[in-house]
Amino acid sequence: PPGEAASEGDPVLASPQPAALKPGLKVHYYNNLFRTVEEVQSWAKARDGYPGEPLHSLDYRSGVDKVLTSSQEDGVGAHITGFIRFEEAGTYAIAAQSNDGLDVEIGGRTVVYDPDVHADRYSQPVEIEIKAPGWYPLDAWYFERKNTSTLRLYWLTPDEEEGSMAIIPKEAYGH
């Protein structure tokens with residue numbers, strides 16, 4: 001089912017902690033009419049993609065327009081890498097809204113897995129235990145096949161009430 005975690009265990013803090021990060025996340029693009037995130041991953045092993053302008057955050061939604069920071073409106077695969085900062089230890093819930101496929105790992109733990117073609121939908125929230133504040137590696141694969149695109153990552157921090165998930169702020173990302 002969408003959002004089911006494929007890996008268990010707590011996310012692992014980046015070691016050593018990165019010192020001077022630039023804002024946002026790195027992105028590498030691949031152009032094809034993909035049907036699954038696994039197709040994007042396989043394609044990336046065999047072909048060179050191209051770097052895009054860094055993503056300011058994971059808060060993108062467009063009509064029939066360019067996907068993320070790519071120059072394409074359709075047939076875009078993206079490998080997104082960088083770090084996410086958790087300011088406090090505790091239990092976080094992570095979820096995404098996507099159109100089309102998305103696979104997100106934080107600190108080696110899968111938090112979103114919704115790998116195929118679909119209209120806008122939300123993944124099931126996945127709870128993760130952050131043992132120590134700091135920067136955690138983020139590794140995401142995303143694709144948009146045709147028409148509209150959405151990629152939004154949400155969290156519920158340890159001190160927030162259930163049901164008030166917010167888009168993760170751009171200040172939490174670095175590369």
Side-chain angles (χ1 to χ4, degrees), residues 2-3 5-6 11 14 18 21-86 92-126 135-155 165-175:
L21 291 175
K22 296 178 185 170
L25 298 164
K26 284 202 280 188
V27 62
H28 213 78
Y29 291 111
Y30 304 90
N31 295 121
N32 188 39
L33 291 176
F34 299 106
R35 291 187 179 280
T36 66
V37 290
E38 288 80 9
E39 276 186 20
V40 182
Q41 293 165 335
S42 177
W43 184 274
K45 287 177 188 163
R47 294 170 182 82
D48 289 335
Y50 60 94
E53 284 295 313
L55 305 180
H56 57 76
S57 65
L58 294 181
D59 181 13
Y60 287 88
R61 188 168 191 207
S62 70
V64 181
D65 202 354
K66 299 200 176 21
V67 178
L68 306 177
T69 60
S70 79
S71 59
Q72 304 291 122
E73 294 179 8
D74 285 316
V76 175
H79 185 204
I80 301 162
T81 58
F83 298 91
I84 182 169
R85 180 165 179 76
F86 293 93
Y92 289 74
I94 307 287
Q97 178 187 21
S98 66
N99 174 353
D100 285 296
L102 180 61
D103 181 1
V104 180
E105 281 189 10
I106 294 174
R109 163 85 190 271
T110 299
V111 294
V112 175
Y113 185 70
D114 194 359
D116 54 10
V117 175
H118 56 79
D120 272 32
R121 70 181 175 204
Y122 292 91
S123 65
Q124 290 297 316
V126 170
W135 292 102
Y136 287 74
L138 183 143
D139 188 11
W141 292 88
Y142 167 76
F143 77 93
E144 181 275 346
R145 185 170 170 83
K146 290 182 180 177
N147 302 318
T148 61
S149 66
T150 301
L151 174 54
R152 289 180 167 161
L153 197 61
Y154 296 83
W155 67 9
M165 290 190 97
I167 290 175
I168 298 173
K170 66 183 180 185
E171 296 77 26
Y173 297 107
H175 73 278

For the residue pair Pro125 and Tyr154, establish whether any side-chain heavy-atom pair is separated by less than 4.5 Å. no

Within the distance-only criterion (no hydrogens, no angle test), does the side chain of Tyr29 pair as donor or acceptor with the backbone N or O of Thr69 below 3.5 angstrom? yes

Heavy-atom neighbours of Gln72 CD exceed 12 at 6.0 Å: yes

Return the minimal non-hydrogen interatomic distance between Ala172 and Trp135, and the atom names on each side. O-CZ3, 3.4 Å

Nearest 0.5 Å, please: how far is CG in Asp65 from CG in Asp74? 10.5 Å

Please check this pair: side chain of Asp116 against backbone of Thr36, looking for a donor-acceptor N/O pair closer than 3.5 Å. no

Minimum heavy-atom distance between Tyr142 and Ser149, given as atom pair plus value: OH-CB, 3.4 Å

How close do Glu105 and Thr110 get, heavy atom to heavy atom, and via which atoms? CG-OG1, 3.7 Å

Between the side chains of Thr150 and Asp120, is a donor N or O closer than 3.5 angstrom to an acceptor N or O? yes

If we only count heavy atoms from C-beta on, is the Pro115 to Glu38 side-chain gap below 4.5 Å? yes

Rounded to the nearest 0.5 Å, what separates atom CZ in Arg85 from atom CG in Leu21? 9.5 Å

So do Ile168 and Leu58 actually touch side chain to side chain, heavy atoms under 4.5 Å? no

Just verifying a value: how many Å separate Leu25 CG and Asp139 CG, rounded to the nearest 0.5 Å? 10.5 Å

If you define the side chain from C-beta out and look only at heavy atoms, does anything of Val112 sit under 4.5 Å from Val126? no

Which word best sums up how the rings of Phe86 and Tyr136 line up, parallel for under 30°, tilted for 30 to 60°, or perpendicular for over 60°? perpendicular

One should read off an interatomic distance between Leu153 CG and Ser123 OG, to the nearest 0.5 angstrom, of 8.0 Å

Distance-only donor-acceptor hits, side chain of residues 40-52, under 3.5 Å, sequence neighbours excluded:
from	atom 1	to	atom 2	distance (Å)
Tyr50	OH	Asn31	OD1	3.1

For Gly101 and Val37 the tightest heavy-atom approach is C-CG1, 3.6 Å

Correct closest heavy-atom pair for Asp59 and Arg152 would be OD1-NE, 3.0 Å

How many angstroms lie between CZ in Phe34 and CH2 in Trp141, if you round to the nearest 0.5 Å? 9.0 Å

Between Thr148 and Ser62, the two heavy atoms sitting closest are CB-O, 3.5 Å

May I ask you to test the Leu138-Phe83 pair for a side-chain heavy-atom distance under 4.5 Å? no

Passing option when Phe143 is tested against Leu33, Val117, Val76, Leu151 for side-chain contact (heavy atoms from CB on, under 4.5 Å): Val117

dist Glu144:CD -> Ser70:OG (nearest 0.5 Å) comes out at 8.5 Å

Compute the ring centroids of Tyr173 and His175, then answer whether they are less than 6.0 Å apart. no

I'd like to know if the side chain of Asp100 and the backbone of His118 have a donor-acceptor N/O pair within less than 3.5 Å. yes

